[in-house]
Amino acid sequence: MQAKKAGYEFALNVLDLTQPLNNFIAEFQKILAEEKVGILRVERLDEKTGSVVLTVEEDLDCSGLPPIGETVCNYDEGFIAGVFEAYTKQKYIVKEIDCWATGSRVCRFNADIKK
């Protein structure tokens, strides 16, 4: 819950929530890279449903961890949900589906509007 609040506040105080979605995501990517949090990429975006698949390379939380067979980026899930909630004004559920700790070279997240 704290991670979601942190993402929400980050978005409110650092990102321009009035710009078109593509510009918003580009700004989010730029700031995460500049602050060395990670390299955010959008693999899939469905503007109609609000569904997004994101990857984060060089993730501050877990890049370089040995495989332990489970995802570990719970904070990132909440943070991303908070950022998208601030922008869209809709509740998001974000789930990590790939992680350094599962043997992937990126952390991959599904983000969907909560139904």
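Numbers for residues simply follow the sequence, beginning at 1. Hydrogens, waters and symmetry mates play no part in the numbers below; they use all other heavy atoms, side chains included.
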Trainee: Would a single hydrophobic cluster contain both Leu12 and Ile25, if residues Ile, Leu, Val, Met, Phe, Trp and Tyr are joined by side-chain heavy-atom contacts under 4.5 Å?
Mentor: yes
Trainee: Would you indicate whether the side-chain heavy atoms of Phe84 and Leu54 approach each other to under 4.5 Å?
Mentor: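 A side-chain contact exists here, since the closest heavy-atom pair is under 4.5 Å.
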Trainee: In plain terms, say whether Arg105 and Glu57 are close enough for a salt bridge, that is, a side-chain N and a carboxylate O under 4.0 Å apart.
Mentor: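 Answer for the salt bridge query: no.
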Trainee: Roughly how far apart are Lys5 NZ and Phe79 CZ, rounded to 0.5 Å?
Mentor: 13.0 Å
Trainee: Can you list everything that forms a side chain to side chain contact (heavy atoms under 4.5 Å, CB included) with Asn23? Sequence neighbours excluded, please.
Mentor: Gln19, Pro20
Trainee: Quick test of your reading: applying ring pair (Phe, Tyr, Trp, His ring centres under 6.0 Å), list the pairs with at least one residue in residues 36-63, sequence neighbours left out, ordered by first then second residue.
Mentor: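 Listed by first then second residue: nothing to list.
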Trainee: Could you name each residue pair satisfying side-chain hydrogen bond (donor to acceptor under 3.5 Å, both in side chains) that touches residues 88-101, not counting sequence neighbours?
Mentor: Ser63-Trp100, Asp98-Arg108
Trainee: Leu32: which residues meet the side chain to side chain contact (heavy atoms under 4.5 Å, CB included) condition with it, sequence neighbours left out?
Mentor: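 Checked Leu32 against side chain to side chain contact (heavy atoms under 4.5 Å, CB included); matches are Phe28, Val37, Leu40.
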Trainee: Carefully, step by step, assess Lys36 and Leu60 under the rule side chain to side chain contact (heavy atoms under 4.5 Å, CB included).
Mentor: CA-CA 7 Å; Lys36 301 194 183 337; Leu60 180 64; over 6 Å; no
Trainee: Is a side-chain donor-acceptor pair under 3.5 Å present for Asp112 with Ser51?
Mentor: yes
Trainee: Apart from Leu65 itself, what residues make up its hydrophobic cluster, given side-chain heavy atom links below 4.5 Å?
Mentor: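 Hydrophobic cluster check, Leu65: joined to Ile68, Val72.
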Trainee: Evaluate Cys107 against Cys99 for side chain to side chain contact (heavy atoms under 4.5 Å, CB included), listing each step before the verdict.
Mentor: CA-CA 4 Å; Cys107 296; Cys99 181; 4.2 Å; yes
Trainee: Can you sort out the partners of Phe24 under ring-ring contact (aromatic ring centres under 6.0 Å, His included), two or more places apart, ordered by chain and number?
Mentor: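 Residues passing ring-ring contact (aromatic ring centres under 6.0 Å, His included) with Phe24: Tyr87.
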Trainee: Got a sec, which pairs hit ring pair (Phe, Tyr, Trp, His ring centres under 6.0 Å) with one end in residues 39-61, sequence neighbours left out?
Mentor: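 Listed once each, the pairs would be none.
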Trainee: Provide the full list of side-chain hydrogen bond (donor to acceptor under 3.5 Å, both in side chains) pairs with a residue in residues 66-78, sequence neighbours left out, each pair given once.
Mentor: none
Trainee: According to a 4.5 Å side-chain heavy-atom criterion applied to Ile, Leu, Val, Met, Phe, Trp and Tyr, with indirect links allowed, do Val94 and Ile113 form part of one hydrophobic cluster?
Mentor: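 Linked within one cluster.
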Trainee: CD1 of Ile39 to CD of Glu58: how many Å apart, nearest 0.5 Å?
Mentor: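 Result: 3.5 Å between the selected atoms.
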Trainee: Would you please name every residue forming a ring-ring contact (aromatic ring centres under 6.0 Å, His included) with Tyr8, sequence neighbours left out?
Mentor: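 In terms of ring-ring contact (aromatic ring centres under 6.0 Å, His included), with neighbours along the sequence ignored, Tyr8 is linked to no residue.
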Trainee: With sequence neighbours left out, which residue pairs that include part of residues 38-71 fulfil the ring pair (Phe, Tyr, Trp, His ring centres under 6.0 Å) condition?
Mentor: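 Ring pair (Phe, Tyr, Trp, His ring centres under 6.0 Å) check on residues 38-71 returns no pairs.
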Trainee: Is there a chain of hydrophobic side chains (I, L, V, M, F, W, Y, each step under 4.5 Å between heavy atoms) that links Leu17 to Phe10?
Mentor: yes
Trainee: Which pairs, with at least one residue in residues 22-32 and sequence neighbours excluded, count as a salt bridge (Lys or Arg N to Asp or Glu O under 4.0 Å)?
Mentor: Lys30-Glu34
Trainee: List for me each residue that meets side chain to side chain contact (heavy atoms under 4.5 Å, CB included) alongside Thr18, sequence neighbours excluded, and say none if there are none.
Mentor: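 For Thr18, the residues satisfying side chain to side chain contact (heavy atoms under 4.5 Å, CB included) (neighbours in sequence not counted) are Asp16.
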Trainee: Measure the CD-CD1 distance between Glu85 and Ile93 for me, rounded to the nearest 0.5 Å.
Mentor: 9.5 Å
Trainee: Give the cluster check for Ile80 versus Ile97: same hydrophobic cluster or not, with ILVMFWY residues linked at side-chain heavy-atom distances below 4.5 Å.
Mentor: no
Trainee: May I ask whether Val56 and Leu15 are part of the same hydrophobic cluster, defined by side-chain heavy atoms of I, L, V, M, F, W, Y residues being less than 4.5 angstrom apart, directly or through others?
Mentor: yes
Trainee: How far does CD of Gln2 sit from CD of Glu9, to the nearest 0.5 angstrom?
Mentor: 11.0 Å
